[in-house]
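Worksheet: the structure to be examined is printed underneath.
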Amino acid sequence: METRGITQEDFAQIVSVIDRWWGGPTSALAHPMFFHELGNDALVVEDDGRIVGFLLGFVTAAGCGYVHLVGIDNDYRRRGVGRRLYESFTARALSRGALRMKAITTPGNQGSLEFHRALGYRVEMVPNYAGPGRDRYVFARELSSG
Ligand SMILES: CC(C)(COP(=O)(O)OP(=O)(O)OC[C@H]1O[C@@H](n2cnc3c(N)ncnc32)[C@H](O)[C@@H]1OP(=O)(O)O)[C@@H](O)C(=O)NCCC(=O)NCCS
C-alpha cells in the first residue's frame, strides 16, 4: 500500500464511493473545495492502483492539524489504513508547526470513537457543537506531549 497526496482525478472516484464507505449520504461533506485547495494535506492510500482510503485535513493558523473527513473502503477496514493516513497527516502537520490535532464525529459512530481512542485522542461529547441539538464527539490530541 502507498500513501500519497490527493489529485483532482481522485475526486470523481472518491465521490462515487463515499456514501457506500460511510453507509449513508456523506458526499456533501466531500465538497470540491477540499480537493482543489488542500494540496497534500488531503491524502489517499492506494493498493495496487486502487484507492482504499482517504483523509481530508488542513492545518489551521492557530496550529491545529484538523481532520475534516476520513473514510476507508469497507473491505480494507481494520488493516491499519486509517492509522496510516492519520500518521502521515500528523507528520505533515507537525513539520508545519502544529501543536495539536483535532477531529469530530457524530454521536453513535462507535467505530470512529474507538478508532480515535486507539490513536491516543481524548474524547469529549460537546452539546450543540454543530448547532442546536447537534451534539458531536470532539477528539483532541496534543502533539508536544507525544
Ligand atoms: C473509523 C475508520 C476511519 C477506521 O479506519 P480503519 O482503517 O479501519 O482503522 P485501523 O485499521 O487503522 O484501526 C486502528 C485501530 O483503531 C481501532 N478501531 C478501528 N476501527 C474500529 C472499530 N470499528 N471498532 C473498534 N475499534 C476500532 C482498533 O484499535 C484498531 O487497531 P486493531 O485493528 O489493531 O485493533 C473506518 O472504520 C471508516 O472509514 N469508517 C467510516 C467513516 C468514518 O466513520 N469516519 C470517521 C469520522 S470522520
Side-chain angles (χ1 to χ4, degrees), residues 1-7 9-60 62-94 96 98-131 133-143 145-146:
M1 286 195 253
E2 184 206 350
T3 308
R4 62 166 176 79
I6 228 162
T7 66
E9 291 71 41
D10 296 330
F11 182 44
Q13 199 180 330
I14 289 172
V15 164
S16 71
V17 296
I18 188 170
D19 290 349
R20 185 155 40 86
W21 287 7
W22 273 72
T26 315
S27 39
L29 294 174
H31 192 283
M33 162 180 70
F34 297 112
F35 296 84
H36 290 279
E37 310 299 341
L38 293 182
N40 281 343
D41 286 341
L43 299 165
V44 296
V45 170
E46 267 185 343
D47 186 29
D48 213 11
R50 169 181 169 209
I51 295 176
V52 298
F54 69 91
L55 181 153
L56 304 179
F58 54 90
V59 180
T60 72
C64 177
Y66 186 92
V67 178
H68 166 63
L69 201 60
V70 61
I72 312 302
D73 187 326
N74 298 284
D75 296 339
Y76 280 79
R77 300 259 170 101
R78 303 299 291 267
R79 289 169 61 175
V81 178
R83 184 188 292 274
R84 173 191 279 258
L85 283 164
Y86 264 64
E87 284 173 356
S88 293
F89 177 57
T90 302
R92 287 189 59 78
L94 252 179
R96 308 229 317 270
L99 302 170
R100 69 195 74 85
M101 303 294 293
K102 182 173 174 180
I104 66 170
T105 224
T106 45
N109 190 341
Q110 193 65 22
S112 176
L113 178 67
E114 296 301 336
F115 170 73
H116 285 91
R117 276 198 181 126
L119 267 58
Y121 281 72
R122 278 193 321 281
V123 183
E124 188 188 357
M125 173 68 89
V126 180
N128 305 320
Y129 182 88
R134 298 173 176 209
D135 304 346
R136 291 291 183 271
Y137 284 123
V138 177
F139 307 113
R141 192 189 138 198
E142 304 306 315
L143 292 178
S145 59

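We count ligands from 1, going down the list as the structure has it; atoms in each ligand are counted the same way.
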key: Non-neighbouring partners of F34 that pass ring pair (Phe, Tyr, Trp, His ring centres under 6.0 Å), sequence neighbours left out   = H68
key: Closest approach of R100 to A62 (non-hydrogen atoms, all atoms of both residues)   = NH1-O, 3.3 Å
inquiry  = Looking at every heavy atom in both S112 and F139, which two are closest together, and how far apart are they?
reply    =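 Of all heavy-atom pairs spanning S112 and F139, the closest is OG-CE1, 4.0 Å.
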task = Step through the shown structure and confirm whether more than 12 heavy atoms of other residues, nucleotides or ligands are within 6.0 Å of CG on D48.
result = no
key: R134 CZ: over 12 foreign heavy atoms closer than 6.0 Å   =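 It does not: R134 CZ has 12 such atoms or fewer within range.
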Nearest protein heavy atom to [atom], by residue and atom, and its distance?
atom	result
atom 25 (C) of ligand 1	E114 CB, 3.3 Å
atom 42 (C) of ligand 1	W22 CE2, 3.4 Å
atom 45 (N) of ligand 1	V70 O, 3.0 Å
atom 41 (C) of ligand 1	R77 NH2, 3.6 Å
atom 23 (N) of ligand 1	G111 CA, 3.5 Å
atom 3 (C) of ligand 1	I72 CG1, 3.7 Å
atom 46 (C) of ligand 1	S112 OG, 3.5 Å

query = In terms of ring plane angle, is the pair W21 and F54 parallel, tilted or perpendicular, where the classes change at 30° and 60°?
reply = parallel
query = Regarding Q110 and E114, is there a side-chain donor-to-acceptor distance under 3.5 Å anywhere?
reply =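 E114 and Q110 do have a side-chain donor-acceptor pair below 3.5 Å.
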Side-chain H-bond candidate by donor/acceptor type, D47 with Y76, under 3.5 Å = yes
task = Kindly say whether the aromatic ring centers of Y137 and H116 come within a distance under 6.0 Å.
result =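 No, too far apart.
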Where does [X] meet ligand 1, judged by heavy-atom distances below 4.0 Å: at the side chain, the backbone, both, or neither?
X	result
N109	side chain
Q110	neither
F115	both

Protein contact for atom 34 (O) of ligand 1 (heavy atom, distance under 4.0 Å) = no
Using a 3.5 Å cut-off on N or O atoms only, is [X] in polar contact with ligand 1?
X	answer
Y76	no
L69	no
G82	yes
G71	no
R79	yes
W21	no
G80	yes

Considering only heavy atoms of [X], which atoms of ligand 1 have at least one such atom less than 4.0 Å away?
X	answer
T105	47 (C)
A118	15 (C), 16 (O), 17 (C), 29 (O)
V81	7 (O), 12 (O)

message = I want to confirm something. Looking only at heavy atoms, which of R78, E87, H116 is nearest to atom 28 (C) of ligand 1?
response = R78
message = Heavy atoms only: which of R84, R83, R117 lies closest to atom 12 (O) of ligand 1?
response = R83
task = Can you sort out the partners of R20 under salt bridge (charged side-chain N to carboxylate O under 4.0 Å, His left out), two or more places apart, ordered by chain and number?
result = none
request  = Run the numbers on T7 and D10 for side chain to side chain donor-acceptor pair (under 3.5 Å), then give the verdict.
outcome  = CA-CA 5 Å; T7 66; D10 296 330; 3.2 Å; yes
request  = Given side-chain contact (heavy atoms from CB on, under 4.5 Å), test I104 with Y66 step by step and report yes or no.
outcome  = CA-CA 9 Å; I104 66 170; Y66 186 92; 3.7 Å; yes
inquiry  = Is the shortest side-chain heavy-atom distance between M101 and L143 below 4.5 Å?
reply    = yes
key: side-chain contact (heavy atoms from CB on, under 4.5 Å) partner of V45, the single match among V81, L55, D73   = V81
